[in-house]
Amino acid sequence: MGGTDVYELPLRHAETEFFPGRPAPVLTFGGEFIGPTIRAKAGRRVKVRYVNRLDRAATVHLHGGHVPPDSDGFPMDLIEPGRSRVFDYPNRQQGATLWYHDHTCSREAEHVYRGLAGFYLIEGEDEAALRLPRGAYDVPIMIRDARFDENGGMIFEPSPLPTTLHTNGRLQPYFPVDARKYRFRVLNATLHRIVELDLGGLEMVQIASDGGLLPEPLPRKKIMIVPGERVEIVVDFSAQAVGSKLVLNDVYDGVSEPVMRFDVVRQARDSSRVPGRLRELPEMPAATVVRDVKLSFSASGEEFAINDRTFDPDRVDTRIVEGTTEIWRVTNTDPADTPFGPVQHTFHMHLVPFRVLDRNGGPVLPGENGLKDTVLVRPGETVRVQATFSGYKGRYLYHCHLQEHSDIGMMAQMEIV
């Protein structure tokens, strides 16, 4: 349609079976848990009409999207039940793994937990020439978590109690694979769980992070992913015998839990590859402003805050001149020692990606040398990030992407002027 792809997605109630024969109520895009994957082309516009058939207001944020402010999914900019709205995604950005999810003020955590999330994949023009695995061998993997009641339904209750991982809407699924290379686009869509992936010691080659391809591939045996973060990996099963079964586990903090299983079912020809160079990073202009962003409990101790202020949709916390480059020093001042463990935060910025410069003045974590939009900030840690705020003027958010934290105050508003 005139260089634009047009979709309609209803937000609607549905049921899914996490446990066979025990249907559980969920919130969905399109009636499926999880939402449909949208594949877009870099430089080609997508318009999505979201139709709200729920019994509650909601909105939609394209996480990682460089979009106009009225299509960003501001938490108070709601689609009421029975109404619809068209969101405009120009896709004037490089290829990357994005995701769309609810961003309703104070209810985002519950809405996303119950199912309002899906993949949005932008395919870059440069990727075909690299001959990375593609088509049926390019597979998105969404890792989520939940607590379940005796009837198999999800319990939503902010709590330090353990949760169970589920992947692409299934508990401990298996995936038949050919004995060849696969590209897996992995998203941590849990509410507050950090996961560390281990494939039984098999090498996983990281090729991309939030903002797209890294400059060069990074072979890894374990990969940590925080809520909201995406990591793309290539796994080569060619050395595995047909009939082999490999389990992808979460081994974070010394506890092993299965994420999914790969069953090698057949031999296959493979012309894909992982080249030594992937995508050069854009130059970083000189920063003209340095800002401090403190993530912490509020003064009451019952909410979370940014720079000691909880979210107010009528207040602009930061004004930025369009086209300028800034360095933000993001510090987590919350304790490492509580009865429930350390208070972690994950910092997420809307509109533009950033570069992670250092952690407490030292090196960044493996895989953080690419373009990012979500980054872990551990207790007592200061992470410096640099971004150029170009393309659109208007109001956008920055917040903790542990959604239970942003729901109770840890969110702020920047205005590009």
Side-chain angles (χ1 to χ4, degrees), residues 59 61 63 72-76 101-114 116-117 145 147 156-163 188-195 225-229 252-253 291-318 328-351 354 356 359-360 372-385 395-415:
T59 190
H61 169 56
H63 185 126
D72 191 54
F74 189 74
M76 313 302 294
H101 62 80
D102 178 84
H103 216 309
T104 302
C105 188
S106 300
R107 301 198 71 178
E108 175 186 350
E110 180 180 4
H111 287 181
V112 175
Y113 177 86
R114 296 197 182 280
L116 289 181
D145 68 333
R147 288 194 299 128
F156 178 76
E157 184 179 41
S159 167
L161 293 174
T163 57
N188 181 344
T190 69
L191 290 190
H192 54 248
R193 279 189 62 166
I194 299 172
V195 300
I225 314 177
V226 303
E229 190 176 27
Y252 183 73
D253 209 19
R291 300 185 191 272
D292 286 300
V293 178
K294 183 176 76 169
L295 310 177
S296 66
F297 288 120
S298 66
S300 70
E302 298 178 353
E303 299 172 298
F304 287 103
I306 294 180
N307 289 343
D308 299 318
R309 305 171 92 180
T310 56
F311 179 60
D312 180 347
D314 297 322
R315 183 188 70 233
V316 173
D317 300 277
T318 303
W328 289 21
R329 296 185 295 218
V330 185
T331 301
N332 178 356
T333 65
D334 282 332
D337 187 15
T338 75
F340 311 113
V343 181
Q344 314 270 17
H345 296 299
T346 59
F347 178 75
H348 171 52
M349 181 184 288
H350 288 212
L351 179 63
F354 52 74
V356 183
R359 291 178 169 272
N360 282 345
K372 298 282 296 166
D373 59 50
T374 306
V375 65
L376 173 67
V377 190
R378 297 169 290 202
E381 189 172 44
T382 295
V383 177
R384 290 197 315 143
V385 303
R395 296 186 179 188
Y396 295 88
L397 298 173
Y398 53 98
H399 57 89
C400 178
H401 213 282
L402 301 184
Q403 290 157 332
E404 293 160 322
H405 293 184
S406 60
D407 270 359
I408 55 173
M410 190 168 273
M411 191 157 55
Q413 189 173 188
M414 59 184 176
E415 184 175 19

- Does the ring center of Tyr398 lie less than 6.0 Å from the ring center of Trp328? yes
- dist Glu229:CD -> Asp373:CG (nearest 0.5 Å) comes out at 9.0 Å
- Check Met410 against Ala305 and note the closest heavy-atom contact, atom names and distance. CE-O, 3.4 Å
- Item | Glu381 side chain vs Asn332 backbone, donor-acceptor pair below 3.5 Å | no
- Query: Do side-chain atoms of Asn307 reach the backbone of Lys294 as a donor and acceptor pair under 3.5 angstrom?
  - Reply: yes
- Query: Regarding His399 and His350, is there a side-chain donor-to-acceptor distance under 3.5 Å anywhere?
  - Reply: yes
- NE2-CG distance between His63 and Asp72, expressed to the nearest 0.5 angstrom: 11.0 Å
- Spacing of CD belonging to Glu110 relative to CG belonging to Leu116, to within rounding of 0.5 Å: 10.0 Å
- Message: Does either side chain, that of His348 or that of Ser406, offer a donor lying less than 3.5 Å from an acceptor on the other one?
- Response: no
- Task: Considering non-hydrogen atoms only, spot the tightest contact between Asp145 and Tyr113 and give its length.
- Result: O-CE1, 3.4 Å
- Could you tell me whether the side chain of Asp102 and the main chain of Thr104 form a donor-acceptor pair under 3.5 Å? yes
- Query: What are the two closest non-hydrogen atoms of Asp407 and Arg107, and how far apart are they?
  - Reply: OD1-N, 3.7 Å
- Message: Checking Ser300 against Ser298: is there a side-chain donor and acceptor pair closer than 3.5 Å?
- Response: yes
- Query: Are more than 12 heavy atoms from other residues, nucleotides or ligands located less than 6.0 Å from atom CG of Asp337?
  - Reply: no
- Query: What distance do Leu351 atom CG and Arg395 atom CZ have between them, rounded to the nearest 0.5 Å?
  - Reply: 15.0 Å
- Query: Is Asn188 reaching over with its side chain to a backbone N or O of Ile225, donor-acceptor style, under 3.5 angstrom?
  - Reply: yes
- Message: Restricting to non-hydrogen atoms, name the atom on Gln413 and the atom on Asp312 that form the minimum distance, rounded to 0.1 Å.
- Response: NE2-O, 4.0 Å
- Message: Just so I know, are the side chains of Leu191 and Phe156 near enough to count as touching, which here means a heavy-atom distance under 4.5 Å?
- Response: yes
- Message: So Gln344 and Arg378, do their side chains get closer than 4.5 Å, heavy atoms only?
- Response: yes
- State, with a plain yes or no, whether a side-chain heavy atom of Val377 is found less than 4.5 Å away from one of Thr346. no
- Test log, rule side chain to side chain contact (heavy atoms under 4.5 Å, CB included), inputs Phe304 and Ile408: CA-CA 6 Å; Phe304 287 103; Ile408 55 173; 3.8 Å; yes
- Message: Here's a test for you: under ring pair (Phe, Tyr, Trp, His ring centres under 6.0 Å), which of His61, His192, His101 qualifies with His401?
- Response: His101
- Query: Would you call Asp317 and Ile306 a side-chain contact if the rule is heavy atoms closer than 4.5 Å?
  - Reply: no
- Message: Can you tell me how far apart CE (Met414) and OH (Tyr396) are? Round to the nearest 0.5 Å.
- Response: 8.5 Å
- Message: Among Thr333, Asp334, Thr331, exactly one meets side chain to side chain donor-acceptor pair (under 3.5 Å) together with His345. Which residue is that?
- Response: Asp334
- Query: Taking all atoms of both residues into account, what is the closest heavy-atom pair of Met411 and Pro75, and its distance?
  - Reply: CE-CG, 4.0 Å
- Task: Work out which heavy atom in Thr374 is nearest to a heavy atom in Pro227; give both atom names and the distance.
- Result: CG2-O, 3.5 Å
- So, does Arg193 use its side chain to make a donor-acceptor pair with the main chain of Thr163 at under 3.5 Å? yes
- Query: Do Phe74 and Leu397 have side chains that get closer than 4.5 Å, going by heavy atoms?
  - Reply: yes
